[in-house]
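Worksheet for the structure shown next.
Chain letters run A, B, ... following the sequence lines, proteins first, then strands; residues in each count from 1.
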Amino acid sequence: MLSLRDIPIKQKLMIIIMATTTAALLLAGAGIVASDAFLFRSYLQRDLSGLARMAADNSTAALEFDDRQVAAETLAALRARTHLVSACIYKSDGTVFAKYTRPDARSGCPAAEARDALRFTSGGLTVSRAITLAGRRVGTFVLLYDLDEISERVKLNGATVLGVLLVSSVIAFLLSSKLRDVIATPISRLVGAATVVSETGDYSVRAQRLSGDELGVLVDTFNAMLAGIQLRDGNLRTALREREEALQDAEKARERFHFLAESMPQKIFTATPSGDRDYFNRQWTEFTGLSFEQMENWGWTQSIHPDDVEADVRNWRQSIETGEPFHLQHRLRRADGTYWWHLTRAHAMRDARGNISMWIGSNTDIHEQKQREEELRRANEDLQQFAYSASHDLQEPIRNVAVYSEIVAKRYNNLLDADGRQFLGFLTEGGRRLATLIDDLLTYARVGVIDDQMTAVDSSAALRHALSSLAQVIRESGAAVTYDPLPQVYMGASHLQQVFQNLIGNALKYRRVDQPQIHISAVDQGAAWRFSVQDNGIGIDPQYKEKIFGVFKRLHRDQKYSGTGIGLAICQRVVERYGGRIWVESSPGQGATFFFTVPEHAPRVHSAAV
Amino acid sequence: MPRESIPPPFNLLLAEDNLPDALLVREAIKMENLPLEVYIAPDGERTIDLIVKAENDPDAACPHVLLLDINLPRIDGFEVLRRIRASGKFKDLPVLMVTSSDSPADRREAAKLGAGYFRKPVTYDEFVKIGAVLRRLLEEYGLL
C-alpha cells in the first residue's frame, strides 16, 4: 500500500487540500455547535429562573388563602411550555399544595430545596424558588424542565454544519482539481522530461516552463543542467568513441603483431618496461621445450648457457636502465639439451611522450654462421701459425745464406774472381729478397686476424707513424708529403698505418720527377670515410688497375722499382677486412690516386663468450 | 745485484739454437769492444738450468745480461723469461729478445716482461748493430 509520501503529487495536493478544508470546517462547526449549546443553556437558566419567580409570586395569595384552585390554575398556565415536565408548590410544612405534571411524566414533584437553586440532573434542570410574603417564607415553588430542547438544537446545528461541510468539500474538491494543476502540471512535465531522459538517454529533451515561480526556476535549472549534461555527454561519447577506436586499433595491431610474431622463423619475445618478459612466440616454446609459465618474467634465463647467463642478465638490466638497444650473442638450450648460438636483439618501444611502453626482442639462430666463423677463425689461426713458423723457420736459413754469403764476399774478396763475386752477390740478394717476401707474406696472412681493439683511432696519428717509418725514403727522394685534417675511424691503428705506409711507399717508389708530391686527404661520404693518396708519379695503365691488387703481381721487373708485389694485396685485404674497398684512378704519366673507404661506425654486437 | 761491486768482464748468456746467428752476435760484441764473456745455451731448458745453477751455486758463472731467442727448442724464450722474472735473484736481469719475429704480439709481450727487442736483420751491417744495442742496454743498467 502506498504511503502518503509515495503517492503522486496531484493526489497528495488533493488529500492535503481536502484534509485541511474538512478539518477547518469540522473545527469551526463544532465550535459553533458548542457555543450555541452553551448560550442556549445560559438563556434557559435565566428564562426558567424568571418563570419560577413569576410563578412563585403569583402563588403567594393562593397559599395565603389556601386556595388550591387558584394555585392549580397558576400551574396550569405553565402548560404552554412543552418541555416543562412538572411544577409543584409546596407549603412551608413541606406538603404539596398544588402540582402540575406533563401527561408523559414518569416522576412526580422534584424535592424542594431549602434555598433557591438551579440544578442540572439526569432528569433535566430543576429550579427551586422560595415563596415569601412580607419576608416570611410561606412555601416553595419547584419545577423540572427537560433538556431535550438543547439536544435538538445541537442536532440541528450539527446537521447544518455537516451540510455545509459536504457542500464545502464538493466545492473544495472541484476548486482543487483545477488549482492543483498550477503546481502539479509543471512538476509532472518536469518528471515526464526527466523520465524520457532517463529512459532514452536523450539529453536534448527540455522541460517546458509554465510559470515564473520557483517551479519555473526549477525547470530552467533542470534545462540548464540537461544542457550541461548534453555537452558533457557529447564530449564523453566522442572520447569513448575515440577510445573505442583506439582500442580497436590497438587490438588490430596486437593481432597483427602476434600473427607476425608467430609466423616468424625467429624466436620473438616482448617484455614490460621493467624488463619482465611477458610474451614468447611459438618458436620459443618449441625450441626450448619450456612452457610460457616456465619462461615468463625471468624464467627464460634457465634456457641460457650457464657461461652466458651473467653477461646476458647484466646487459639486459643495463638496457632496461638506459633504454639502449640490447644486442648479444649467446647460446640457447634446445629441448634436447644442446646449446645453439643465437643473436638476440631487443629494442624499446616508446609512446608519444617518449616513455618506454614495451620491449620487443628477437633471437636469431646464428649457430651455423657462428660455426663457420669458428672454422674461419681456426683456419686463420692455422694460417697465422703457419706464417709465424714460416717467418721464423724460413727466415733463419735464408738469413744465414744472405748474411754469410755477404761475409764471404767481404772477407774472401781477394780469393774470388769476378764470376765468384757476382755469384755470391746473387746469393746475398736472393736471400734478402726471399726474406722480404716472407715478411710480406706474413703481414698479408696476419691481416685476417684483427688483433687491435675496435676503438676509434685517430687516422692522422696512424699516418704520422707511417710517415715516420718512411722518413729515410722521403728524405732521400726529396718528396713533399702533405695532408688534410683526418678523421677518427674504427680500424686497427696498425692496419691503417700499414695501408698508409704501403700506398705512400708505392708513391715514393714509382716517382717520375725529382721532387715527388704526395697528398693525403679524407672525405665524409655519410656511411664511410673515403681516404685518398694522390701522387704525381709514373701512373698506372688503366688496363692494370684491377690486376695490381693481386698477390705477387708486379708491373715492373726493373731493379729501379724493387718489391715483392704484396703491398697492394695487403692494402686490399686490410681495407676489405674492415668492410671498405680500395681502387685506383690513374693514367700513365699523369700520376695516380689510390682511394679506400672505412665505414664510420664500428659494428655494435657484443658476444657473451668467445 | 750490487752492480758497482762487479768488475768486468761481465757474463753474457746467449740463448740461441742457430749457430750462425750466435757467431754473428759474438762478432758484433767483439766489434763493439764490449767487456763481455759469452756463454751459449742452445735451448730453453739449458738456459734455465744455467740460471738455476747460478742462483744456487756460488762458484757457478753468474749471468749479468741475457740475449734470448724466442723460438727456442724445448722451452720457448718467453717461457724462459717469465720464469726468470718470477725468480728471486735474477728477476731484474737485463734481457734482450733477439728474434726473427716481427710480430706485434711478440713485441708487446717482450715489453710486458721488461725485455728489449732486436729483430734479426738480413744484412751483415744491420745485424752487427746488435753490438750498439747491447751497449746501450748495459749502460742503461749501469754496467758500463
Side-chain angles (χ1 to χ4, degrees), chain A residues 381 383-411 413 424-425 427-447 449-453 465 469 472 492-498 564, chain B residues 14-32 40 42-44 67-81 97-112 117-131 133:
Chain A
E381 264 181 15
L383 182 64
Q384 177 90 344
Q385 192 53 46
F386 165 76
Y388 185 83
S389 300
S391 164
H392 195 275
D393 296 349
L394 295 178
Q395 287 276 4
E396 212 164 75
I398 286 158
R399 192 176 50 248
N400 291 346
V401 170
V403 175
Y404 278 87
S405 60
E406 197 183 341
I407 292 173
V408 169
K410 274 183 179 161
R411 291 199 188 157
N413 190 35
L424 271 177
L427 267 179
T428 308
E429 192 50 43
R432 285 178 191 169
R433 264 187 58 75
L434 195 50
T436 312
L437 265 173
I438 289 164
D439 265 359
D440 287 352
L441 271 176
L442 177 66
T443 309
Y444 183 78
R446 271 203 203 118
V447 173
V449 179
I450 298 177
D451 57 1
D452 293 87
Q453 290 293 318
H465 283 126
S469 300
Q472 197 184 341
S494 63
H495 284 145
L496 185 56
Q497 180 186 336
Q498 180 93 58
T564 55
Chain B
L14 173 60
E16 175 60 78
D17 62 322
N18 185 30
L19 186 61
D21 284 346
L23 293 177
L24 277 174
V25 170
R26 188 173 268 179
E27 187 162 317
I29 287 168
K30 214 160 96 186
M31 285 168 72
E32 190 68 26
I40 297 175
D43 60 52
L67 261 54
L68 197 51
D69 191 4
I70 293 175
N71 198 17
L72 285 171
R74 296 175 192 270
I75 300 174
D76 79 59
F78 282 128
E79 184 54 34
V80 171
L81 184 54
M97 304 307 287
V98 181
T99 173
S100 306
S101 167
D102 194 26
S103 150
D106 286 345
R107 284 180 187 275
R108 278 199 298 270
E109 186 66 13
K112 208 175 88 184
Y117 200 93
F118 183 83
R119 199 205 170 191
K120 294 172 185 170
V122 288
T123 65
Y124 174 80
D125 290 345
E126 290 294 318
F127 204 118
V128 293
K129 281 180 183 169
I130 192 173
V133 173

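Rounding to the nearest 0.5 angstrom, the gap separating the NZ atom in B:K120 from the CG atom in A:N400 is 9.0 Å. With values rounded to the nearest 0.5 angstrom, A:E396 atom CD is found 6.0 Å from B:E16 atom CD.
Closest approach of B:R119 and A:D439 over heavy atoms only: NH2-OD1, 2.5 Å. Counting all heavy atoms, side chain and backbone alike, B:L24 lies closest to A:V403 at CD1-CG1, 3.5 Å. When every heavy atom of B:D125 is checked against every heavy atom of A:E406, the shortest pair comes out as N-OE2, 4.2 Å. Minimum interatomic distance between A:R399 and B:N18 (heavy atoms only, all atoms of both residues): NH2-ND2, 4.1 Å.
Classification of A:K410 and B:E27 as a salt-bridged pair fails, no side-chain N sitting under 4.0 Å from a carboxylate O.
In this structure, chain A has heavy atoms under 4.5 Å from both the backbone and the side chain of B:Y124.
Between the A:Q395 side chain and the B:S100 main chain, no donor and acceptor come within less than 3.5 Å of each other. In this structure, the side chain of A:Y404 engages the main chain of B:P20 through a donor-acceptor pair within 3.5 Å.
Along residues 68-80 of chain B, the residues that come nearer than 4.5 angstrom to chain A, judged on non-hydrogen atoms, are B:D69, B:I70, B:N71 in order of number.
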